[in-house]
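Report on the following structure.
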Amino acid sequence: MNRYNPLAIEKKWQQIWEDSDAFKAEENSEKPKKFLAEMFPYPSGAGLHVGHVRNFTIIDVLARFYAQKGFNVLRPFGYDTFGLPAENYAIKTGVSPKIATDTNVKNFRNQLKKLGYAIDWNREINTSSPEYYKWTQWCFLQLYKKGLAYQKESYQWWCPVDQTVLANEQVENGHCWRCGSEVEKKKMKQWFFKITAYADELLEDVDSLDWPEKIKTMQKNWIGKSTGAEIDFETTSEKITVFTTRPDTIYGATFLVLAPEHPLIKDLVTDKTREKVEEYCKDAIKKSEIERQENKEKTGVFTGSFAINPATKEKIPIWVADYVLMGYGTGAIMAVPAGDDRDREFAEKFDLPIVEITKTPETPFGTPKTTYRMRDWLISRQRYWGCPIPIAYDSDGDPHPIPEDQLPVIIPEVEDFKPDNTGRSALAKATDWLKVDLLNEKTGKIETMTRETDTLDGYACSSWYLWRYASPHCATAAWDEKAINYWEPLDIYCGGDHAVAHLLYVRFWCKFFADEGKLPFREPITKLLYNGYINAPDGKKMSKSKGNVIDPLDVINDGYGADTLRTYEMFIGPYDQDAAWNPRSVGGVYRFLNRCWTLVFGDVAGVSGEIVSSPSASAGYGRGSAGATPATAGGRDLRPTERAIDRKRAMHRVIKKVTDDIERAAFNTAISSLMEYVNELYKAGSTEEDLITLGKLLKPFAPHLASEMLEQLGADDAWPTYDEKYLVEDLIELVVQVNGKLRAKLSVPAEVLDDENEVIKLASSDSNVQKFTNNHIKKTIYIKKAKLINLVV
RNA sequence: GGGCGAAUGGCGGAAUUGGUAGACGCGCCAGACUCAAAAUCUAGUUCUCGCAAGAGAGUGUGGGUUCGAUUCCCACUUCGCCCACCA
């Protein structure tokens, strides 16, 4: 007898798909399109992990499902290849990030092919390839032209020993992650994207998205809109503008507080307070966010100056405290200790007056103002392995865009990837590359300028890749208009990360390019599936250091094969919940696929009439022939025609269930209904139609095995349809309750359900029911849809 | 501190709109096959009582609405995630 040999089957079909370019997508106005993608991965040296497999398989199941349903499906793939790990690896080993990245991409590609994904390999993209980042730079220039990419001084972490800027995550408890020395904040010129220009629209449009509520809420909170007013407070020399959401509480404002970074502090200090205030500000600015979080004890100093409360006309002191943030509102508040817990705590600590609010102003004060928690997006990175910012500086230090026809600004080759002691990335070491002759519009002359050595945040590269997928090889534009019009926007996106950052940035760029007339839609992603993590069998996060990592390639090579791995990860639980890996359940899914295989290929003799196989009945095992074993369903002995009717009903039922479940992303229950169907076929026997249907329904999950089954049966993979008329049962199980408690289940002909009097008669005459009613029924509640009657006594 | 979500057998989970709680899988148990084991097939498996028919209890805890609540409402407990001195 043949045995299910997944590795052989999978190799065969992967070769066939490769040779036939099976998943090549082309625009075709005859067919409805479906464009699906997962969040493209950073190809780490460790290769695929089981979390990737879950994420990619969700999209693959949907892609194959819609293709089988007759949609024109685009299912591309790409790699998010810029990033710190490749650069650190280069610093350590001297191997260039480009070479290391190429190796990792190759490894990823091989592994993806072993999983049988229906990827259009003609559309593979890679953010660190010059053909791609040329257009990332073009995007930057479009934003720059409209003033949405701009430079601003901002405080950055700085390691005085390594002489380099550090990202937030490279600062551990106020110390440099590499050398351990204490870091400081340094004011540096940085590039920003003005995402706040779209804050309102980004917020308003969230509601219209077919995205998980969790993500929508997170985005709303992140944008953090609050409406209030700006109010001016006069001092002897200056005017201080505060932001408040409660201008009505102004009669209780007994002091002002400025953020330590506030520019007016230097003008407000007196000779007596100057030293103390300056020291406080210096310390506060240096504090890491972590320290500010850990130590919520209020601190602050008095500036020595006073302001006039415009409502009470009273003189109130001006303080500096780090609980006021420069980045929000105006960096200055009016403190109302009677109305605000933080202000009260501060007032109590420093013995400042607390005045109950007895009055509200008759006319609204100040200027109505809306503020957002969201800040502009800082995009400068002092790193080598990123997309160079296409800017050069003239001798005055003013920026000039690199003309579009000179793109891409290629990352120069360097020997040493360590940042130098100027706070610039290793790009600064490419001295030839650094110089560029450009027209200076100010002077009208060609001038040798110095290139920007900052690179772009990797999120910039991933902010437009979904549009590149439509025309990945277009050499004349970032995206081809015709291709965009056909494929976009993305119908379904799937990932388990970046709830705010990436998913907000793509929306921002989409709105910007829509305003530029470059995109015909204002939201890039129609439906979002946000998948949960897969944890180790003990429920803990998988990590190399804990040694509890499951390698998906090991699962395949252990003999289970890709079909088992894919199907298991879809069966593991609801796709949006975290799940723990269970090796035994993997075996259970393998058993299920093995049973599918046996139905078609098992060494099974044909039995009566049209029945092709019934392994349980025909396996022999000394129980006589299959024909001698009566098939039963629901405890009833069935004659062949009844058996055929039941089988037909089971088939139409499973088609409906699997179709509905895939459409609502309930992959786990889709698979359990396939398991039920297979169990049914083992009991009742199967026809060729049953097996073809099984193969078609199974294909999105286990495409290799299903292809093998369908080939054997001589069938195509067109998605089957169900007929409502076969779903109707002729014998119905009527549920009878007494006072809401189940007392009987009666098997009645379906027509009976239409006759309520008949239902009541049947229900109330059941002997077990009568034990509880004593023939004293006060009220009957009949729910036809639920096939249920409740007798109230 | 704020926001969101979750809690169901020994385990993962199902119950789509207020209508039979526990589908499906794992595990366990018994049987068939085998010299034996594995694999495979078949039957059983929420708990308590009962040979059975059946009865009682039961979806984190306590209340409520309802003929009927895993589902809706209120309070609480625990866990998870996100944000966090945002004026």
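Numbered from 1 within each chain, the chains take letters A, B, ... in sequence-line order.
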Mind running a 4.0 Å heavy-atom check of residues 761-780 of chain A against RNA chain B and sending the residues that fall below it, in number order?
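Heavy-atom contacts with RNA chain B come from Asn768(A), Phe772(A), Lys779(A).
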If you assign Glu213(A) and Ser585(A) each to the RNA chain B nucleotide with the nearest heavy atom, which residue ends up on the more 5' nucleotide?
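Counting from the 5' end, the first nearest nucleotide belongs to Glu213(A).
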Taking for each residue the nucleotide of RNA chain B bearing the nearest heavy atom, is the 5' side occupied by Lys541(A) or by Arg584(A)?
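The residue mapped nearer the 5' terminus is Arg584(A).
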Taking the P atom in each of rA38(B) and rC28(B), what is the distance between them to the nearest angstrom?
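Pairwise P distance, rA38(B) against rC28(B), rounds to 11 Å.
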Roughly how many Å apart are rG10(B) and rU45(B), using the P atom of each and rounding to a whole number?
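16 Å, rounded to whole Å.
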OP1 or OP2 of rC41(B) versus the side-chain N and O atoms of Arg595(A): is any pair under 4.0 Å?
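So the side chain of Arg595(A) is within the cut-off, an N or O lying under 4.0 Å from OP1 or OP2 of rC41(B).
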Any side-chain N or O of Arg344(A) below 4.0 angstrom from OP1/OP2 of rA87(B)?
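The answer is no; no side-chain N or O of Arg344(A) sits under 4.0 Å from OP1 or OP2.
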Would you list the pairs meeting salt bridge (Lys or Arg N to Asp or Glu O under 4.0 Å) in which at least one residue belongs to residues 736-750 of chain A, sequence neighbours left out?
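Those involving residues 736-750 of chain A do not exist here.
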With sequence neighbours excluded, give me every salt bridge (Lys or Arg N to Asp or Glu O under 4.0 Å) pair touching residues 654-666 of chain A.
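Residue pairs passing salt bridge (Lys or Arg N to Asp or Glu O under 4.0 Å), neighbours aside: Lys69(A)-Glu663(A), Lys656(A)-Asp660(A), Lys657(A)-Asp661(A), Asp661(A)-Arg664(A).
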Would you mind reporting whether Val324(A) and Leu258(A) have side-chain heavy atoms less than 4.5 Å apart?
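No, side chains not in contact.
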Side-chain contact test, heavy atoms from C-beta onward, threshold under 4.5 Å: evaluate it for Glu213(A) versus Met218(A) and give yes or no.
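They are not in side-chain contact.
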Taking distance alone, no hydrogens or angles, what donor-acceptor pairs closer than 3.5 Å link side-chain atoms of residues 495-504 of chain A to residues at least two apart or in another chain?
from	atom 1	to	atom 2	distance (Å)
His498(A)	ND1	Tyr459(A)	OH	3.1
His502(A)	NE2	Tyr493(A)	OH	2.7

Can you tabulate the close N/O pairs, meaning under 3.5 Å, that link protein atoms to atoms of nucleotides 20-22 of chain B?
from	atom 1	to	atom 2	distance (Å)
rU20(B)	O2	Lys745(A)	NZ	2.7
rU20(B)	N3	Glu733(A)	OE1	3.4

Test: side-chain hydrogen bond (donor to acceptor under 3.5 Å, both in side chains). Region: [range]. Which pairs qualify, not counting sequence neighbours?
{"range": "residues 776-789 of chain A", "result": "Asp754(A)-Lys784(A)"}
{"range": "residues 242-258 of chain A", "result": "Arg246(A)-Asp248(A)"}
{"range": "residues 571-594 of chain A", "result": "Asn582(A)-Ser585(A)"}

Could you list, one pair per line, each protein nitrogen or oxygen that sits under 3.5 Å from a nitrogen or oxygen of nucleotides 10-16 of chain B, together with the distance?
from	atom 1	to	atom 2	distance (Å)
rG12(B)	O2'	Ile572(A)	O	3.4
rA14(B)	OP1	Asn668(A)	ND2	3.2
rU16(B)	O4	Lys657(A)	NZ	2.8

Side chain of Arg743(A) only, heavy atoms from C-beta on: which candidate in rG56(B), rC24(B), rA87(B) is closest?
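Within the option list, the nearest is rG56(B).
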Polar side-chain atom of Glu733(A) near backbone of Ser747(A) as donor-acceptor pair, under 3.5 Å:
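Not confirmed, Glu733(A) side chain does not pair with Ser747(A) backbone.
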Name all residues meeting the side chain to side chain contact (heavy atoms under 4.5 Å, CB included) criterion together with Asp766(A); count only those two or more places apart in sequence or in a different chain, and write none if there are none.
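Result, side chain to side chain contact (heavy atoms under 4.5 Å, CB included) vs Asp766(A): Ala744(A), Leu746(A), Asn768(A), Val769(A).
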Residues which pass side chain to side chain contact (heavy atoms under 4.5 Å, CB included) with Lys220(A), listed by chain and number, not counting sequence neighbours
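Only Leu203(A), Val206(A), Asp207(A) meet the side chain to side chain contact (heavy atoms under 4.5 Å, CB included) criterion with Lys220(A).
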Between Lys298(A) and Glu345(A), is the closest basic N to carboxylate O distance under 4.0 Å?
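A salt bridge is present here (some side-chain N lies under 4.0 Å from a carboxylate O).
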Tell me yes or no: between the side chains of Tyr280(A) and Thr299(A), is some donor less than 3.5 Å from an acceptor?
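Yes, Thr299(A) and Tyr280(A) have a side-chain donor paired with an acceptor closer than 3.5 Å.
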Pairs counted as Watson-Crick or G-U wobble with both distances under 3.5 Å: what dot-bracket string results for RNA chain B, using | for bases tied to another strand?
(((((((..(((......[....)))((.(((.......))).))((((....))))..(((((..]....))))))))))))....
